[in-house]
Amino acid sequence: MTWKNAVAHLDGKEKGWLLFVDNADSPELNLRPYLPTSTHGSVLITTRNAQCINYAPDGAVPVGGLEESEAVDLLHTIAGMAPASKAESLEIARELGMLALAITQAGVYIRKTRRLDTYLETFRKHRNQLLSKQPDIGSDYTSSTYTAFDLSFHKLQRTSQEFLKLCAFLHHSFIPSTLFKQSTMSGFTTYIVRTNFTPPESDTAFISKLREIFSDTWDEFAFQDIVDSASQASFINVSTDGLFYGIHPLLQTYIKDSLDETDNRSYCRVTAQLLLGAIRPWGSNAEFWQLLPHANSIPRSIQSENVACALAFHTLYESIGSWAICQELLESVLTSLHLSHAKEHEGVTWVKIKLANAVQQSGRLEEAEKMQRDMLDLQLEMYGPRHPDTIVAMSNLAATLGDLGQLEEAEKLQRDVLSLQREISGPVHPDTIIAMSNLGATLADRGQLDEAEKMQRDVLALRLEIFGPKNRGTIRAMINLASTLCDLGQFDGAQKLQRDALALRLEISGQRHPDTLKTSFALSFTLCLLGQREEALQLLRETQTMRREVLGEDHPITQQSKLLIEVITAQSRPNL
C-alpha cells in the first residue's frame with residue numbers, strides 16, 4: 001500500500017529481484033530510505049547526479065554518448081528505415097553528439113517526413129523547435145532533449161549556471177582549468193600591446209561580470225565548488241588529471257538557444273574577455289595551443305571589436321604561426337585606425353609593419369616586399385634610421401628579400417641593422433643577437449660559409465648563455481648553424497643539432513606548429529644526405545599531412561617535402 005510496504009516486501013524476499021530507480025537527478029533527493037537492505041536482489045539507479053556514486057562506490061558505471069554504430073542503428077530503428085548508405089545517418093548522429101534522446105527525436109521526425117536527406121538542413125534552421133519538441137514515441141519518452149537539460153540546469157547554483165554559459169561559447173573539449181585561474185589572476189584585463197591603444201571603458205562591464213562569477217582574486221576552493229556542481233549534474237566532464245573540462249555540444253546549443261540575441265552576444269563577449277585575461281606574451285606556446293581552439297570559437301567580429309582586443313588576440317595567433325588569422329585581425333585594426341588616425345601615426349605604421357610581416361610569413365613574398373619597402377620609406381622619412389620601428393622595418397624587408405633570392409641587398413640591409421643595434425643597444429642585447437643571426441643566415445645563403453659559421457656559433461653561444469636551450473631564438477640558432485654545417489658537408493654535426501632542435505620544438509611548440517614542421521623537414525633532408533633513407537622517409541610521411549593542413553598545399557616546404565618523398569621512394573639521391 002505504501003513505499004515502506006514495498007521496501008519491507010523486497011527485504012523479505014529470498015529470491016532474486018530488481019528495483020529500478022530511474023532519473024534520480026535531484027541533488028536534494030536521499031534515496032537510502034527507499035533502498036532495501038536485502039542481499040537477495042539488485043538495485044539499478046540511473047541519474048545525472050554524480051553524488052549517487054556514494055550508494056555503490058564499486059558499482060558505478062559512467063554512461064557517455066553512444067558509439068557511432070549504435071547511434072546510427074538507433075536512428076534507423078526509430079525512423080523505420082534502412083538506407084543503403086549510412087553516410088547521411090552518421091553525419092546526423094555526429095551533429096547530435098551521439099546523444100540517445102536527441103537521436104530518438106531526430107528519428108521520430110524522419111519517420112514522419114520520410115526525408116532522411118533533408119533532416120540536417122532542417123535541424124540547422126530550426127534546431128530550437130526540434131530539440132524542444134516532445135518525441136511522441138510512447139510513454140517511455142515524455143521529455144524532449146531541451147526539457148531534460150532544463151530539469152537539471154535550473155537546479156544548479158547560479159555561479160555554476162554562469163560558468164556553463166561561458167563554456168557554451170568555448171570549444172566543447174579540452175577546456176583548460178588554467179584558463180580560469182590565469183584570467184582571474186590578471187584581473188580579466190586585456191594585455192596592452194601598444195600603450196597608445198588601450199582597452200575601451202566598455203571592457204569594465206565584461207570584467208565586472210567575470211568577477212561576479214569568479215571573484216576578484218583566485219579562490220581555488222570556490223572555483224572547485226562551481227566545477228563540482230556542474231560535474232555532479234553531468235553537465236561537464238572532468239579529465240582524470242583534473243586539468244581539462246568537456247561539455248556536450250548539444251548542451252552548448254541548448255544554452256545558446258535559451259538566450260536571446262542580445263544575451264548571446266553579451267555572453268560571447270564576456271567569454272572573449274575571459275580568454276583575453278589569459279593571453280599574455282610571456283605565456284608558453286603550449287599554453288597558447290591549449291587556448292587556440294577556444295579562441296577560434298569566438299567570432300572574428302568579436303575578436304576585432306576594438307583595437308586593443310584585436311591586437312591581444314593577434315599576440316596569440318602570431319605566437320603559434322597562424323598568419324592568415326593574423327592578417328585578418330591586423331586588417332581590421334587598420335580599418336579602425338584609418339577612421340581615427342592619420343596614416344603617419346606611429347601606431348598605424350607599427351600595425352602596417354606587423355601586417356607586412358604576416359603576409360611575408362604566409363609566403364606571399366612579392367606582395368610583402370612592396371608593403372615593406374613602402375613602410376621603410378615612410379619610417380625613414382618620419383623617424384630616421386635609428387628609430388626602433390625603422391630598424392624592425394629594415395630587418396623585415398631584408399628577410400623578405402632573402403626569401404626572394406635578392407641576397408646582396410638583403411646582406412647590405414642586415415649589416416646596417418647590425419651596426420645600428422650594436423651602436424644603440426650594445427653587443428649582447430637580444431636585438432643585436434637577432435641581427436647577428438639574420439646576417440649569418442644570409443651570408444650562408446650567399447656562400448660565405450666560413451664567416452657565416454663563425455657568426456652563427458657566436459650567436460648560439462650567446463643565446464645558450466643568456467636565454468638557455470628552451471628559448472625559441474636559441475632553437476632557431478641551432479637550426480641556422482645546422483643548415484650552414486650541411487652546406488659545409490658536415491652532415492653528422494648538422495643532424496645532431498637538428499635532432500636537438502626538433503625535440504625542443506616538439507616540447508615547447510607542439511607537433512603542429514609551422515616551425516616544428518619546417519625543422520622536421522630539415523632533419524629529414526639531412527638524414528637523406530647521410531644515407532639514412534628509411535628514417536628520413538618515415539619522418540616525412542608522419543608529418544606531411546600536417547604540413548598540408550598547417551602550411552598549405554602550395555607552401556614551398558610542403559612542395560619540397562612532397563618531392564623528397566618521391567625522390568627517396570624512387571631510390572634516387574636528391575639533387576644537391
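For this chain, numbers begin at 1 and follow the sequence in order.
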| query | Does the side chain of R472 reach to within under 4.5 Å of the side chain of S319, using non-hydrogen atoms? | reply | yes

| Do you know the tightest heavy-atom contact between A410 and T442? | CB-CG2, 4.3 Å

| Once you round to the nearest 0.5 Å, how far does CG of L365 lie from CD of E367? | 10.0 Å

| query | Are any non-hydrogen side-chain atoms of H555 and R547 less than 4.5 angstrom apart? | reply | no

| query | Given Q498 and T519, is the side chain to side chain donor-acceptor pair (under 3.5 Å) satisfied, shown in steps? | reply | CA-CA 7 Å; Q498 288 167 338; T519 305; over 6 Å; no

| Is D374 paired with K370 through a side-chain N to carboxylate O contact shorter than 4.0 Å? | yes

| field | Side chain T271, main chain Y267, donor-acceptor under 3.5 Å | value | yes

| said: Do the side chains of E287 and R280 get close enough for a salt bridge, i.e. N-O under 4.0 angstrom? | reply: no

| query | Within the side chain of S419, is there an N or O that forms a donor-acceptor pair under 3.5 Å with the backbone of D416? | reply | no

| request: Run through N471, D458, T474 and flag the one making a side-chain hydrogen bond (donor to acceptor under 3.5 Å, both in side chains) with R463. | output: N471

| task | Would you please test E534 and Q538 for side chain to side chain donor-acceptor pair (under 3.5 Å) and show each step? | result | CA-CA 6 Å; E534 277 191 31; Q538 180 182 350; over 6 Å; no

| message | Any non-hydrogen side-chain atom of N306 less than 4.5 Å from a side-chain atom of D203? | response | yes

| request: Without swapping roles, check the side chain of T315 against the backbone of P281 for a donor-acceptor pair under 3.5 Å. | output: no

| request: Using the six-membered ring wherever Trp is involved, compare the ring planes of Y245 and F163 and label them parallel, tilted or perpendicular (cut-offs 30° and 60°). | output: perpendicular

| query | Does T558 use its side chain to pair, donor to acceptor, with the backbone of E553 at less than 3.5 Å? | reply | no

| message | For R415, is there an ion pair with E411 - N to carboxylate O distance below 4.0 angstrom? | response | yes

| task | Give the intermediate values and the outcome of side chain to side chain contact (heavy atoms under 4.5 Å, CB included) for residues W323 and V359. | result | CA-CA 7 Å; W323 300 112; V359 172; over 6 Å; no

| task | Could you go through the side chain to side chain contact (heavy atoms under 4.5 Å, CB included) check for F197 and I192 one step at a time? | result | CA-CA 7 Å; F197 299 135; I192 298 175; over 6 Å; no

| So, for R300 and L329, which heavy atoms are closest and what is the spacing to 0.1 Å? | CD-CD2, 3.9 Å

| query | Does K412 come within less than 4.0 Å of E409, counting only side-chain N to carboxylate O? | reply | no

| request: Check step by step if side chain to side chain donor-acceptor pair (under 3.5 Å) holds for Q360 and D403. | output: CA-CA 9 Å; Q360 183 255 339; D403 290 341; 2.7 Å; yes

| task | Considering only NZ, NE, NH1 and NH2 on the basic side and carboxylate oxygens on the acidic side, decide whether D377 and R373 come within less than 4.0 Å. | result | no

| query | Between H248 (side chain) and G97 (backbone), is there a donor-acceptor pair under 3.5 Å? | reply | yes

| Side-chain heavy-atom pair L407, L401 within 4.5 angstrom cut-off | no

| Note, S215 side chain near T184 side chain (heavy atom, < 4.5 Å) | no

| said: Is it the case that the side chain of S186 and the backbone of G277 share a donor-acceptor pair, with hydrogens and angles ignored and the cut-off at 3.5 Å? | reply: yes

| query | Are the charged groups of R265 and E261 less than 4.0 angstrom apart, N to O? | reply | no

| field | Pair D500 + K496, salt bridge at N-O below 4.0 Å | value | no

| query | With a 4.5 Å heavy-atom cut-off, do N296 and Y317 have their side chains touching? | reply | yes

| said: Nearest 0.5 Å, please: how far is CZ in F214 from CD in E162? | reply: 9.5 Å

| Going by the angle between their ring planes, with limits at 30° and 60°, are F223 and W218 parallel, tilted or perpendicular? | tilted

| query | Hey, mind stepping through I279 and F288 against side chain to side chain contact (heavy atoms under 4.5 Å, CB included) and telling me if it holds? | reply | CA-CA 8 Å; I279 296 172; F288 281 160; 4.3 Å; yes

| query | Should T349 and D389 be marked as a side chain to side chain donor-acceptor pair (under 3.5 Å) after you check the CA-CA gap, both sets of side-chain angles, and the distance that decides it? | reply | CA-CA 8 Å; T349 58; D389 288 348; 4.9 Å; no

| Non-hydrogen side-chain atoms of L564 and F521 separated by less than 4.5 Å | yes

| field | pair S304-V333: side-chain heavy atoms closer than 4.5 Å | value | no

| query | Counting N and O atoms only, with roles assigned by atom type, does the side chain of S239 sit under 3.5 Å from a partner on the main chain of F244, one being a donor and the other an acceptor? | reply | yes

| said: Minimum heavy-atom separation for T516 and L502, please, with both atom names. | reply: O-CD1, 3.8 Å

| Do side-chain atoms of E453 reach the backbone of L481 as a donor and acceptor pair under 3.5 angstrom? | no

| query | When you measure from the side chain of Q421 to the backbone N and O of M436, does any donor-acceptor pair fall under 3.5 Å? | reply | no

| Closest contact, heavy atoms only, T484 versus L449 | CG2-O, 3.9 Å

| said: Return the CD to CG distance between E91 and L120, rounded to the nearest 0.5 Å. | reply: 5.0 Å

| query | side-chain contact (heavy atoms from CB on, under 4.5 Å) with R499: which of L523, T526, L504? | reply | L523

| message | Just checking K562: does its NZ atom have more than 12 heavy atoms from other residues, nucleotides or ligands closer to it than 6.0 angstrom? | response | no

| query | Taking atom CZ of F188 and atom CD of Q273, what is their separation to the nearest 0.5 Å? | reply | 9.5 Å

| said: Assess the residue pair L380 and T390 against the criterion (side chain to side chain contact (heavy atoms under 4.5 Å, CB included)); give the C-alpha distance rounded to whole Å, side-chain angles, the decisive distance to 0.1 Å, and a yes or no. | reply: CA-CA 6 Å; L380 287 167; T390 305; 3.7 Å; yes

| How far apart are the closest heavy atoms of G187 and R211, and which atoms are they? | O-NH2, 3.5 Å

| message | Is it true that, when you exclude E408 itself, more than 12 heavy atoms of the residues, nucleotides or ligands shown sit nearer than 6.0 Å to its CD? | response | no

| Can you tell me how far OG1 of T400 sits from CG of L413, rounded to the nearest 0.5 angstrom? | 10.5 Å

| What is the distance from atom CG of L355 to atom SG of C326, rounded to the nearest 0.5 Å? | 10.0 Å

| field | Atom of C309, atom of L276 and distance for their closest heavy-atom approach | value | SG-CD1, 3.7 Å

| query | Are the aromatic ring centres of W289 and F174 under 6.0 angstrom apart? | reply | no

| request: Output yes when a side-chain donor or acceptor of Q252 lies under 3.5 Å from a complementary backbone atom of L170, and no otherwise. | output: yes

